[in-house]
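What follows is a single structure, written as structure tokens, with notes after it.
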Amino acid sequence: MKRLTSICALSATIWAVLSCGQAERKAETPVYLDESRPLEERVEDALSRMTLEEKVKILHAQSKFSSAGVPRLGIPDLWTTDGPHGIRPEVLWDEWSQAGWTNDSCVAFPALTCLAATWSEEMSALYGKSIGEEARYREKDVLLGPGVNIYRTPLNGRNFEYMGEDPYLASRMVVPYIQEVQKNGVAVCVKHFALNNQESLRHQYDAIIDDRTLNEIYLPAFKAAVQEGGAWSIMGAYNLYKGQHLCHNQYILNDILKKDWGFDGAVISDWGGCHDTDQAITNGLDLEFGTWTDGLTMGATNGYDAYYLADPYLERLRDGRASEDVLNEKARRVLRLNFRTAMRKDKPNGSLCSPEHYDAARRIADEGIVLLKNNDNVLPISRKAGSRILVVGENAVKMMTVGGGSSSLKVQREVLPLDGIRAAAGEGVTVEFERGYVGDISGSYNGVVTGQDLSESRSAEELIEDACLKAKDADAVIFIGGLNKASHQDCEDSDRFGLGLPYGQDAVIEALAKVNPRLAVVIVSGNAVAMPWVDNVNAIVEAWYCGSQSGVALADIIFGDVNPSGKLPITFPVRLEDNGAHALGAYDPTSTEAHYSEGIFVGYRWAQKKDIKPLFAFGHGLSYTTFSYSEAEISRTTMSENGNVTVSVNVTNTGEREGKEIVQLYIGDDECSVERPVMELKAFRKVSIKPGETVKVSFPVNADMLKFYGTDGWTLEKGSFTAYVGAASDDIRTSVKFNVN
Ligand code: GLC
């Protein structure tokens, strides 16, 4: 017993010593390092310990993609990485070129236009989770994406990086991506804020736009990213608005983003987007990257101390021209970003090139590929033993993950369309290939090389002849063409010169259509293209850029292993002049003023205003089954200002196989003091329906969905509205009216 007592006493003593030691340690642990304390307290504590020089040092880059922490306090550097579709290979300290590591190959996920085409918030979440895990594994704290600039012109070289023409669709599709990335302790950096809707003269053009268009069309997706997605950083755009560069812009960054929207994160400049110290200080920039210094010769390497927010800023602070309050506000935002990412201890480990990520890339592509046309059931192609399939076109064999600008990647693998089709065709089916045309045979970007040899000696005529020769008696012909990541195609820092397919592809398609009606045309692109041959081709697929699993997903659709369910997030106009900006001559790649003269009438809003039939409409996409819609029902035909109504419809799968339908709700304001679009997308639901099954889809409608942006801000005018429900903006199946009183 005695022994027991002494053991208890001893353990009590030990406990007392340990706990007071712990208390001491607790007391010694500075607040900013104590993750149990509220973020704001930790930030304030860190700030209070920092010198003026340390506060300035964290506001600008120290290398091509990193900025300094506070080594003395144990606050780590911040590492950023491109891009929206996958994690860029490591670059040399002060270079764009890759460092040649052997362990930084990644999975390329589908381009964001493909993600938007899934119309699936579930796919957006899967995307964010997967790419966030890859960023975390590569120890990156800030992912420079996603991009949500609205698709104003089909010529914009970077549309493939964005989420289409409709602000509501882009808003819904960006939020889950952000939330899931950030769960990995990786910040998104939503870009390019704002009005970066063309690449021509991107560093110089001033966007001339009215407030209504700015707020109804170009801001909503960014607002959703901040207020619903909780984005921890946002990237200022290169262009100007009201004469100020968007990386330091009083109106967009201070007044709207930080004051109106309550953004508490950091504004990061685009690389080289900062042009002036005083503007950067006062107009909302927090973290400067990519500047070429003008204190030294342009492009001076390692000129980081000469950055606008570096020594020039320190000088102004020391001589009293700049206030320390403004400095502290910037430093708070950068510290908050750091504490949410680099400083965070309990981060997941992430993963790179995992089977789950390849599966995610495939599923997103499967749900994003759009079946535009399918007469005579040309698709899906059967795997009948002994059959012969001919694949024609450079895009069947050309890698698309290298090039296109900062979203370019070094992938662990990219399954090309031809390889995917061959692998999926299985035994007994012969798959042959003909080049059909020669496009861009290059294959390198920032030191990443595809290693492909796409050289071709035959003439255009010979290539068409050889393709037609084989096409004549093929059981099926699949032409795979479209655009690519070369300059003036789908590529950063350049716009396309026209809507048409390049490299003489139209002639190849016309020739093939003549010799074999069982032709399917697959367009690999990030933009709409003209299709002068559309009436002569029975099947057309928009396959986007699907990254590492491109060939696998395309084969899934082509052979019908997956029933296509994607819908267009963009309008395919018949001709360029059918697009608002072009109809008004408002897109001028040679002008340093971009007049948004078409106003809110972007995409389908323009087509419906002018009653122009598009080649393929926003929201269009077919399935291998069919769906019927009942008449819409509405919970009540009058709605008070703060009430709501519910619009319901029954959707039935009237075909032979299960399929997913994206049911779309558009709303039109039947009487209003200002001109409004005929209808605007206000809700959608992607539902999987078995053959013969009926699913009821209900959409709550509230006042916010009915407002327009007027001189007094968001405004609801009483009167009659129409709810349209359909399978596409030009395929309304049912509608119902209601009144707001
Ligand atoms: C580029 C792009 C931006 C990218 C950054 C870093 O110029 O505009 O999207 O994240 O620089 O590469």
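Count residues from 1 along the sequence. All values reported here derive from a predicted model rather than from experimental measurement. Read the numbers this way: they start at 1 and go in the same order the structure lists the ligands and their atoms.
- For D270, a nitrogen or oxygen atom sits less than 3.5 Å from a nitrogen or oxygen atom of ligand 1, counting backbone and side chain alike.
- Close approach of ligand 1 to L144 is summarised as follows: ligand atoms under 4.0 Å from at least one heavy atom of the residue are 10 (O).
- Of the protein's non-hydrogen atoms, E492 OE2, 3.2 Å is the one closest to atom 1 (C) of ligand 1.
- Of the listed residues (L219, N149, V226), just one forms a side chain to side chain contact (heavy atoms under 4.5 Å, CB included) with F193, and that residue is L219.
- With salt bridges taken as basic N to acidic carboxylate O contacts below 4.0 Å, one links E133 and K129.
- For H60 and S67, the side-chain atoms include no donor-acceptor pair closer than 3.5 Å.
- Distances between N or O atoms of W271 and those of ligand 1 include no value under 3.5 Å.
- A salt bridge does not link K57 with E54: every distance from a Lys NZ or Arg NE/NH1/NH2 to an Asp or Glu carboxylate oxygen is 4.0 Å or more.
- For atom 4 (C) of ligand 1, the nearest protein heavy atom (residue, atom name, distance) is D82 OD1, 3.4 Å.
- The residue H203 has no part lying near ligand 1, judged by heavy-atom distances below 4.0 Å.
- Annotation: cation-pi pair K485/Y445 absent, no NZ/CZ under 6.0 Å from the ring centroid and within 45° of its normal.
- A salt bridge links R333 with E329: the closest approach of a Lys/Arg side-chain nitrogen to an acidic carboxylate oxygen falls below 4.0 angstrom.
- Of the protein's non-hydrogen atoms, Y238 OH, 2.6 Å is the one closest to atom 7 (O) of ligand 1.
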